[in-house]
Structure formats: structure tokens, C-alpha cells
Amino acid sequence: MPLVLDLTKDHLISDAALLYDDGFSLVLWLGLSVSNEFLEQVCGVKSINDVKHFQLAPENFEDSKSLNGRFYTVLHEICRQRRREMCVEVVVQNGPFESIIREFLIEDRSRQYPDYLSRIHSSVKENLGL
């Protein structure tokens, strides 16, 4: 598994691709300067301008040494640990859906803590079928 980072604005840099996992959802955040190789192999697009908000579903891969294979190996491991399939929401830096990940930044929790707790509570209720 790759290195686990605290989700802070310092890690949201333009050449990064970060996978956020809160146990309920997965979000792949793509910086504006992320490599075209990553975009092509993982997202199936040629440039960051071609990325629209979409979901990646876990897929099978043949080469676990390739970039695509390594990414999906991590994704499959997360799904195995959660004991359920999880789609990945893909969002782009400064895009209209970036708020999906920005609401979870550690810096933001202190002033939005009630909203954060409310979302966690709703997610738990939904997952328990209450």
C-alpha cells in the first residue's frame, strides 16, 4: 500500500494524484499538472482537460507492475479490507466538484466540525440501513 498522508491543503499540489479514503467513499483528486501517463493509464484520457467528473470502477488488469496495475491493486486492496466494492469519484483541481475533497481537509474540520459529524452520522445510518 502507498504512503498514507494527512489530508491537508499542503498535499494538494498541481502534479499530484491523491486517493482519499474515509471508509465510506473514495475520491481520486487530480492536480492540474498530473502526468499525462497517469491520466491515460488510470483514467483513460489523454490530458487533464479531458477529465470530467466521473467514477472509476474496480477493473481487472493483467500487469500489476504497470501504473494502471499498481493503482488498481491498491483499489482492490481497499475494497477487500472494506468487504465491498467501491467506485472512485474523480475530481480535478479547481474543478466544480473539488469541494467533495476540500470539505475533508483537516484544516477545515475545526470550523465545519458539526457538518462533518452530520455527514459521518448520515453515512453510518445509510450503511446500516437505518
Side-chain angles (χ1 to χ4, degrees):
M1 294 293 282
L3 180 65
V4 176
L5 305 170
D6 289 330
L7 187 58
T8 64
K9 64 182 176 186
D10 296 336
H11 292 120
L12 299 179
I13 56 176
S14 64
D15 62 348
L18 301 171
L19 184 63
Y20 169 77
D21 171 20
D22 66 3
F24 299 105
S25 58
L26 295 169
V27 177
L28 178 62
W29 181 88
L30 301 172
L32 291 174
S33 300
V34 71
S35 79
N36 288 341
E37 176 187 11
F38 181 88
L39 293 171
E40 192 166 335
Q41 288 190 29
V42 174
C43 301
V45 296
K46 299 216 181 265
S47 77
I48 196 73
N49 296 327
D50 298 330
V51 176
K52 306 294 181 227
H53 179 251
F54 64 94
Q55 292 185 334
L56 290 173
E59 59 182 49
N60 293 321
F61 50 88
E62 295 179 15
D63 181 12
S64 63
K65 303 255 187 256
S66 71
L67 186 56
N68 182 346
R70 291 191 319 256
F71 176 80
Y72 284 102
T73 297
V74 169
L75 186 55
H76 281 278
E77 179 60 20
I78 291 169
C79 291
R80 187 190 66 73
Q81 290 174 6
R82 302 286 179 270
R83 295 190 176 118
R84 63 185 172 98
E85 291 270 323
M86 297 175 74
C87 289
V88 180
E89 298 282 336
V90 179
V91 297
V92 176
Q93 180 181 19
N94 300 331
F97 297 98
E98 189 177 30
S99 62
I100 291 172
I101 200 156
R102 290 226 175 245
E103 73 182 71
F104 293 108
L105 293 176
I106 290 172
E107 295 93 345
D108 291 344
R109 284 192 183 166
S110 63
R111 65 186 136 113
Q112 295 180 355
Y113 193 67
D115 293 335
Y116 171 75
L117 283 179
S118 176
R119 175 165 179 189
I120 295 299
H121 180 72
S122 296
S123 295
V124 169
K125 282 176 52 177
E126 181 181 309
N127 285 324
L128 293 175
L130 300 176

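Hydrogens, waters and symmetry mates play no part in the numbers below; they use all other heavy atoms, side chains included.
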*Inter-residue atom distance D50.CG - L39.CG, 0.5 Å rounding*: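 If I round to the nearest 0.5 Å, the distance is 8.5 Å.
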
_Spatial distance of atom CD (Q41) from atom CZ (F71) [nearest 0.5 Å]_ =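 Interatomic distance, Q41 CD to F71 CZ, rounded to 0.5 Å: 12.0 Å.
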
If the condition is side-chain contact (heavy atoms from CB on, under 4.5 Å), which residues does [X] pass it with, not counting sequence neighbours?
X	answer
V92	L32, I48, V51
S99	none
I13	D15, A16

*Do any pairs count as a salt bridge (Lys or Arg N to Asp or Glu O under 4.0 Å) and have a residue in residues 31-45, sequence neighbours left out, and if so which ones?*
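Listed by first then second residue: E40-K46.
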
Check [X] against [Y] and note the closest heavy-atom contact, atom names and distance.
X	Y	result
Y72	V42	OH-O, 3.5 Å
A17	L30	CB-CD2, 3.8 Å
I78	L19	CD1-CD2, 3.8 Å

*Apply side chain to side chain donor-acceptor pair (under 3.5 Å) to E98 and list each qualifying residue two or more places apart in sequence or on a separate chain.*
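By the side chain to side chain donor-acceptor pair (under 3.5 Å) rule, E98 matches W29, R102.
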
